[in-house]
*Asks:* 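Shown below is the structure under consideration.
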Amino acid sequence: DEELEGNSTVVAIGFTDLGILLKSHIAQNNGWQGCVRFCGYDKSEFNVAKSAVIWEIAKLARNSEHPNDHSSYLKYVKAIAQVWFSSAWSYETERIFHDATNEALRSGAEY
């Protein structure tokens, strides 16, 4: 497990693994537990595409969160885990994957 400082930037070059973010604890920095910015540079088109889709799923999750209902949010967390680790997906994950892929293509963002 890694400890990352809040309000900091992590740079990964080559063989970029988003797993560091899953396994990390964000520590307070000057009494403030802020965001961690992740910048990954990878030559593998597959890894870049996979990371772009996972990023879009995370954004869908953020936009779906309701103050008193975490079940909507959790379906996106499960989808991220399935896209990341599994070759067998639920129908829900397949739908979320298509939504995220379409958004990544539509936005034209550079990942």
*Asks:* First locate atom CZ of Phe97, then atom CD1 of Ile54, and finally report the distance between them rounded to the nearest 0.5 Å.
*Replies:*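 That separation rounds to 9.5 Å.
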*Asks:* So does Trp89 get a backbone contact from the side chain of Ser86, meaning a donor-acceptor N/O pair under 3.5 Å?
*Replies:*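 Pair absent, no side-chain N/O of Ser86 close to backbone of Trp89.
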*Asks:* Is there a chain of hydrophobic side chains (I, L, V, M, F, W, Y, each step under 4.5 Å between heavy atoms) that links Val83 to Phe85?
*Replies:*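 Yes: a chain of side-chain contacts under 4.5 Å links Val83 to Phe85.
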*Asks:* Enter the distance from Ile96:CD1 to Glu56:CD here, rounded to the nearest 0.5 Å.
*Replies:* 13.5 Å
*Asks:* Can you tell me which residue among Lys75, Gln82, Lys78 is in a side-chain hydrogen bond (donor to acceptor under 3.5 Å, both in side chains) with Thr93?
*Replies:* Gln82
*Asks:* Please name the pair of heavy atoms, one in Tyr76 and one in Ile57, separated by the smallest distance, quoted to 0.1 Å.
*Replies:* O-CG2, 3.7 Å
*Asks:* Output the distance between atom CH2 (Trp55) and atom OG (Ser107), rounded to the nearest 0.5 Å.
*Replies:*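 So the gap between those two atoms works out to 11.5 Å.
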*Asks:* Test side chain to side chain contact (heavy atoms under 4.5 Å, CB included) on Phe38 and Val11 and set out the steps.
*Replies:* CA-CA 6 Å; Phe38 184 84; Val11 178; over 6 Å; no
*Asks:* Starting at CZ of Arg37, measure out to CG of Asn7 and round the result to the nearest 0.5 Å.
*Replies:* 11.5 Å
*Asks:* Which pair of non-hydrogen atoms, one from Val10 and one from Leu4, has the smallest distance, and what is that distance?
*Replies:* CG2-CD2, 3.8 Å
